[in-house]
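Accompanying notes for the structure given below.
Keep in mind that what you see is a predicted model, and the values were worked out from it rather than measured.
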Amino acid sequence: MSRILLAGESWSTTSIHSKGFDTFTTTHYEEGAGYFIAALEAAGHEVVFQPNHVAADRFPTTAAELDEFDVVVLSDIGSNTLLLPASVFQKSQRMPNRLQVLADWVRGGGALLMVGGYLSFQGIEAKANYRGTALAAVLPVEMEIGDDREECPEGAVTVLTIEHEITRGMDAEWPHLLGFHRLVAKPGAQVLATTNDRPMLVVDEVGTGRVAAFASDMGPHWLPSEFLAWDGFAALWPQLTDWLAASGNTAK
């Protein structure tokens, strides 16, 4: 089975409570990868999870470190978190561009999946900002210049477009979801599913590596409870991982 590095999918919320003359502040930490990790672990895969604050300083900086994994997954982690670790932002020290290292690793046989979220692709107010990075060259999709979110409070249905081993056994029409990124598939990439006629699941091969983009989330809020409880959710991630891991790279 595969060894997967998942980076992102965490956040901290700070609230100011005002009660007449007095105010006080509370904070709350959350992680959003639970359903995704459970689906992979149930299929026998190993997931190494680096929440955003951990990935900021511990995400691999060399191909050798990346070679410890079969697949790298980025989900709801903005490009600045990987470009500006403390050593660069606080201490003005030089270090490898981890997005360039990751892109080169993919070309040499690695496997990459980007999953949507408010800080994926371009994201809210374009703050994820992957469009101008080295990683954009290997992703199977083109990104908009600005905020690329498509919020669908009314619900949007995803449909399969071609038969593929990644979507084996899945329904032709998926449960509704509540949002996604507006992406455009690159020439030669395969669009396996669409939402509102826009690419939802796109895969491609780059060099000897493999890449995939999933335009919606791996959990709430864009994926409601009906989607998370759907049998296809539990099947999608292991089957996608199996396809990605069949690239030229194998875990050491």
If we ignore hydrogens and angles and just use 3.5 Å, is the side chain of [X] paired with the main-chain N or O of [Y] as donor and acceptor?
{"X": "S216", "Y": "G179", "answer": "yes"}
{"X": "S75", "Y": "G8", "answer": "no"}
{"X": "E144", "Y": "Q122", "answer": "no"}
{"X": "R198", "Y": "R182", "answer": "no"}
{"X": "D70", "Y": "R3", "answer": "yes"}
{"X": "T161", "Y": "L192", "answer": "yes"}
{"X": "T194", "Y": "M200", "answer": "no"}
{"X": "K186", "Y": "A137", "answer": "yes"}
{"X": "S79", "Y": "N129", "answer": "yes"}
{"X": "D147", "Y": "A126", "answer": "no"}

Decide whether [X] and [Y] are clustered together by the hydrophobic rule: side chain heavy atoms of Ile, Leu, Val, Met, Phe, Trp, Tyr closer than 4.5 Å, transitively.
{"X": "V54", "Y": "V47", "result": "no"}
{"X": "L119", "Y": "L177", "result": "no"}
{"X": "L84", "Y": "M95", "result": "yes"}
{"X": "V88", "Y": "L99", "result": "yes"}
{"X": "V184", "Y": "V159", "result": "no"}

Spatial distance of atom [atom1] ([X]) from atom [atom2] ([Y]) [nearest 0.5 Å]:
{"X": "T167", "Y": "H164", "atom1": "OG1", "atom2": "NE2", "answer": "7.5 Å"}
{"X": "E46", "Y": "F69", "atom1": "CD", "atom2": "CZ", "answer": "8.0 Å"}
{"X": "D171", "Y": "D231", "atom1": "CG", "atom2": "CG", "answer": "8.0 Å"}
{"X": "Q239", "Y": "L244", "atom1": "CD", "atom2": "CG", "answer": "12.0 Å"}
{"X": "L201", "Y": "L183", "atom1": "CG", "atom2": "CG", "answer": "11.5 Å"}
{"X": "H28", "Y": "S15", "atom1": "NE2", "atom2": "OG", "answer": "9.5 Å"}

Inset, instruction - For I145, look at atom CD1 and say whether over 12 heavy atoms of other residues, nucleotides or ligands are found less than 6.0 Å away. - result: no
Legend entry - Heavy atoms from other residues, nucleotides or ligands near CD of E163 exceed 12 (cutoff 6.0 Å): no
Side-chain donor-acceptor pair under 3.5 Å between [X] and [Y], yes or no?
{"X": "D76", "Y": "W11", "answer": "no"}
{"X": "Q93", "Y": "S87", "answer": "no"}
{"X": "H17", "Y": "T26", "answer": "yes"}

Is [Y] close to [X] at the side-chain level, that is, under 4.5 Å between some pair of heavy atoms?
{"X": "L160", "Y": "W174", "result": "yes"}
{"X": "L102", "Y": "L66", "result": "yes"}
{"X": "R210", "Y": "V203", "result": "no"}

Which atom pair, heavy atoms only, marks the closest approach of [X] to [Y]?
{"X": "P238", "Y": "A39", "result": "CG-O, 3.5 Å"}
{"X": "L6", "Y": "A33", "result": "CD2-CB, 3.5 Å"}
{"X": "L74", "Y": "F59", "result": "CD2-CE1, 4.0 Å"}
{"X": "H45", "Y": "I4", "result": "CB-CD1, 3.6 Å"}
{"X": "G188", "Y": "D204", "result": "O-OD1, 3.9 Å"}
{"X": "D57", "Y": "R98", "result": "C-NH1, 4.0 Å"}

Inset, instruction - Just do the ring-ring contact (aromatic ring centres under 6.0 Å, His included) check on Y35 and W237 with the steps written out, would you? - result: CA-CA 10 Å; Y35 294 97; W237 306 115; over 10 Å; no
Inset, instruction - Check whether the ring centres of Y130 and H181 lie less than 6.0 Å apart, and answer yes or no. - result: no
Inset, instruction - Identify which one of Y118, F180, F214 satisfies the ring-ring contact (aromatic ring centres under 6.0 Å, His included) criterion when paired with W222. - result: Y118
Inset, instruction - Starting from the C-alpha separation in whole Å, work towards a yes-or-no answer on side-chain contact (heavy atoms from CB on, under 4.5 Å) for M114 and L135. - result: CA-CA 10 Å; M114 182 173 284; L135 203 63; 4.2 Å; yes
